[in-house]
K.L.:
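So that we are looking at the same thing, I have put the structure below in structure tokens.
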Amino acid sequence: MASISFFLVLLASLLAVSIPGISVVDGDAVKGAVLELDKSNFNKTVSNHDFIVVKFYAPGFDLQICTGLLIFVMFFMCGHCKLLAQEYEKAASILSTDDPPAVLAEVDATENRKLASKYKVVSYPTLKILRNGGKIVHSYKGPRDADGIVAYLRKQRGPASIEIKSVEDISTVIGENNVAIVGIFSEFAGEEYMNFTILAETLRSEFDFGHTLDAKLLPRGESSVQKPIVRIFKPFDELFVDFQDFHLDALEKFVEEASRRIVTILDASSGSDFLRFAQSEEIKVMLFFNSDRKTTTAYKERFYEIAKQHRGKGFIFLAGDIDATNGRLESYGIVKKNAPIVVIEDAERQKYIRPNLEDPEDIVEWIEEFKEGNLEPYEKSDSMEHPSAKDEL
């Protein structure tokens, strides 16, 4: 339990600073636009709709474990639930006027636990998009303010991938702050194109997709690009990455790795990136630094280079100012006086903590010692005096 709570308190640190994407509606939220579902009417209602959004909520507070990460499940109507409830009602009212109208519904998961379990709901509120009478299910990955919900769901009701025919079409797919995936083809036919459309349908709730016959229309495009190719555009790291293996498994793995930051940054704006990091099954390497120190830049730059070298090799990386933890990891010895600190978490959620780094190359040394099995996992009774290698205990 202690190892699991490590990421819970980090998440709590972020939420204590801000809750991105959530705002309070001015005045009373529109009532009655959200459909109330339960076990008696859920299946019939869902089967009658090609597109329906369901919010699973809990009017209370409890704790559950999901993929090794301790997640809050509400049992006294927490702030997330209250704020989203208002925004969701307002969005439902707006979308009910579309032609055809979009249906937004909700389920009290504490009273309908089997439904929540069926849809793998482990934290509340959770939104699911159900298509084709419930045969296709996607997790909602969009904003949580009313306007954002409306825009996201209207896009979700359209095609999974948008054809880019002109420069004007680009803005519908590629933006300044989103990750966009574009397939460039000689013709919209063949196995490569079909696999791309399957990928787009599978991941449409997470990314924006487009396809085109003309690479010159794209930012940083060129007419000599070898078709077919998949290009990921992103507002961080390399800005774009190309890939030409159109086997579905390879495409999915490529998107998973290339769409993730080389180093996840721990700060108030990193909520979704942090959750993706925390829920990953890969080995995690984390650097906590003290921004007040003159040497911090050197540690951050070296950490980034190390992360690049380990990309696609089963390791993922996170870095953050120790102040971002709001003191919630002091029981692990993660305090300013011990910074810079590197933490490795293995697949069993055991942690290997190296405090008081003296040189950026100490990070490399710690990772190599971990790979060779020379480290002992941290126990809360351990001293924070370096080192904790087996041969030096």
Side-chain angles (χ1 to χ4, degrees), residues 20-23 30 33-35 37 42 45-57 84-107 118-121 123 125-164 169-183 195-212 230 232-235 251-252 255-256 259 271-273 275-276:
I22 300 177
S23 61
V30 179
V34 176
L35 210 59
L37 300 180
F42 186 91
T45 302
V46 169
S47 65
N48 287 335
H49 291 87
D50 288 331
F51 184 95
I52 183 171
V53 184
V54 180
K55 179 185 73 175
F56 291 87
Y57 70 96
L84 179 60
Q86 298 175 44
E87 300 292 308
Y88 194 69
E89 283 277 0
K90 185 177 179 182
S93 179
I94 296 170
L95 290 168
S96 68
T97 65
D98 283 4
D99 185 17
V103 178
L104 274 62
E106 63 183 10
V107 173
K118 176 182 177 181
Y119 290 94
K120 300 178 181 179
V121 175
S123 63
T126 289
L127 275 62
K128 298 284 185 178
I129 300 172
L130 281 62
R131 306 175 192 272
N132 194 16
K135 294 176 183 177
I136 300 172
V137 181
H138 288 122
S139 294
Y140 177 92
K141 303 282 186 176
R144 297 208 167 196
D145 63 284
D147 291 341
I149 293 170
V150 169
Y152 179 86
L153 291 180
R154 281 176 174 165
K155 199 166 190 177
Q156 288 295 306
R157 297 184 78 187
S161 180
I162 297 171
E163 183 179 356
I164 299 173
D169 293 331
I170 293 174
S171 61
T172 63
V173 179
I174 304 169
E176 294 182 358
N177 301 309
N178 68 320
V179 174
I181 303 168
V182 179
N195 283 350
F196 179 81
T197 60
I198 293 170
L199 178 78
E201 191 62 53
T202 302
L203 300 179
R204 63 178 299 164
S205 68
E206 299 182 53
F207 306 106
D208 294 310
F209 283 84
H211 54 278
T212 187
V230 172
I232 292 186
F233 295 91
K234 49 188 180 175
L251 279 173
E252 290 181 4
V255 171
E256 169 66 23
S259 64
S272 59
D273 286 341
L275 282 175
R276 187 178 180 190

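Here the structure is a predicted model, which is why all the values come from computation and not from measurement. Values reported hereafter were calculated over all heavy atoms of this structure, with side chains retained and with hydrogens, waters and symmetry mates removed.
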K.L.:
Sub-3.5 Å donor-acceptor pair from the side chain of Ser93 to the main-chain atoms of Ala33, do we have one?
P.N.:
no
K.L.:
Restricting to non-hydrogen atoms, name the atom on Val173 and the atom on Gly210 that form the minimum distance, rounded to 0.1 Å.
P.N.:
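Smallest heavy-atom distance, with atoms named: CG1-N, 3.8 Å.
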K.L.:
Would you call Phe209 and Pro159 a side-chain contact if the rule is heavy atoms closer than 4.5 Å?
P.N.:
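They are not in contact (no side-chain heavy atoms under 4.5 Å apart), so the answer is no.
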K.L.:
If I take atom CD1 from residue Ile181 and atom CZ from residue Phe207, how far apart are they, to the nearest 0.5 angstrom?
P.N.:
5.0 Å
K.L.:
Any non-hydrogen side-chain atom of Leu95 less than 4.5 Å from a side-chain atom of Arg154?
P.N.:
yes
K.L.:
Looking only at heavy atoms, what is the nearest atom pair of Ala180 and Ile174, with distance?
P.N.:
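Answer, listing the atom of Ala180 first, then Ile174: CB-CG1, 3.9 Å.
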K.L.:
Applying side-chain hydrogen bond (donor to acceptor under 3.5 Å, both in side chains), which residue pairs with at least one partner in residues 125-134 are found, sequence neighbours left out?
P.N.:
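Passing the test, one end in residues 125-134: Lys128-Ser139, Arg131-His138, Arg131-Gln156.
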K.L.:
Looking at Arg144, is its backbone amide N or carbonyl O close enough to the side chain of Tyr152 to form a donor-acceptor pair, meaning the two atoms are under 3.5 Å apart?
P.N.:
no
K.L.:
Can you name the side chain to side chain donor-acceptor pair (under 3.5 Å) partners of Thr45, sequence neighbours left out?
P.N.:
none
K.L.:
Should the pair Phe42 and Phe56 be assigned to parallel (<30°), tilted (30 to 60°) or perpendicular (>60°) ring geometry?
P.N.:
tilted
K.L.:
What's the separation between atom CD in Gln86 and atom CG in Asp145, rounded to the nearest 0.5 Å?
P.N.:
12.5 Å
K.L.:
Arg157: which residues meet the salt bridge (charged side-chain N to carboxylate O under 4.0 Å, His left out) condition with it, sequence neighbours left out?
P.N.:
none
K.L.:
Can you list the residues that meet the salt bridge (charged side-chain N to carboxylate O under 4.0 Å, His left out) rule with Glu201, with sequence neighbours excluded?
P.N.:
Arg204
K.L.:
Would a 4.5 Å heavy-atom cut-off, applied to side chains only, mark Asp169 and Ile162 as touching?
P.N.:
no
K.L.:
So Leu84 and Tyr57, do their side chains get closer than 4.5 Å, heavy atoms only?
P.N.:
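Counting from C-beta outward, Tyr57 and Leu84 never come under 4.5 Å.
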K.L.:
Between Phe51 and Ile129, is a side-chain contact (heavy atoms from CB on, under 4.5 Å) present by the stated rule, with each step listed?
P.N.:
CA-CA 7 Å; Phe51 184 95; Ile129 300 172; 3.6 Å; yes
K.L.:
For Ser96, check side-chain contact (heavy atoms from CB on, under 4.5 Å) against everything at least two apart and list the hits.
P.N.:
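Applying side-chain contact (heavy atoms from CB on, under 4.5 Å) to Ser96 gives none.
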K.L.:
Which heavy-atom pair separates Ala105 from Leu37 by the least distance, and what is that distance?
P.N.:
CB-CD1, 3.6 Å
K.L.:
From Leu199 CG over to Leu251 CG, what is the distance, rounded to the nearest 0.5 angstrom?
P.N.:
5.5 Å
K.L.:
Please evaluate residues Val107 and Tyr119 with respect to the criterion side-chain contact (heavy atoms from CB on, under 4.5 Å), reporting the C-alpha separation (whole Å), side-chain torsions for both, the decisive distance (0.1 Å), and the verdict.
P.N.:
CA-CA 12 Å; Val107 173; Tyr119 290 94; over 6 Å; no
K.L.:
Could you tell me the separation between the NE2 atom of His211 and the OG1 atom of Thr197, rounded to the nearest 0.5 Å?
P.N.:
9.0 Å
K.L.:
So do the side chains of Glu206 and Ser259 get within less than 4.5 Å of each other, counting heavy atoms only?
P.N.:
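No. Closest side-chain heavy atoms not under 4.5 Å.
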K.L.:
Once side chain to side chain donor-acceptor pair (under 3.5 Å) is applied, do any residues pair with Glu106, and if so which ones, sequence neighbours excluded?
P.N.:
Lys55
K.L.:
If I take atom OG from residue Ser47 and atom NZ from residue Lys135, how far apart are they, to the nearest 0.5 angstrom?
P.N.:
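That separation rounds to 10.0 Å.
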K.L.:
Taking atom NZ as the centre, does Lys155 end up with more than 12 heavy-atom neighbours from other residues, nucleotides or ligands that are less than 6.0 angstrom away?
P.N.:
yes
K.L.:
Report the residue from Leu153, Ile94, Leu127 that forms a side-chain contact (heavy atoms from CB on, under 4.5 Å) with Leu104.
P.N.:
Leu153
K.L.:
Minimum heavy-atom separation for Tyr88 to Val53, with atom names?
P.N.:
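Heavy-atom minimum between the residues: OH-O, 3.2 Å.
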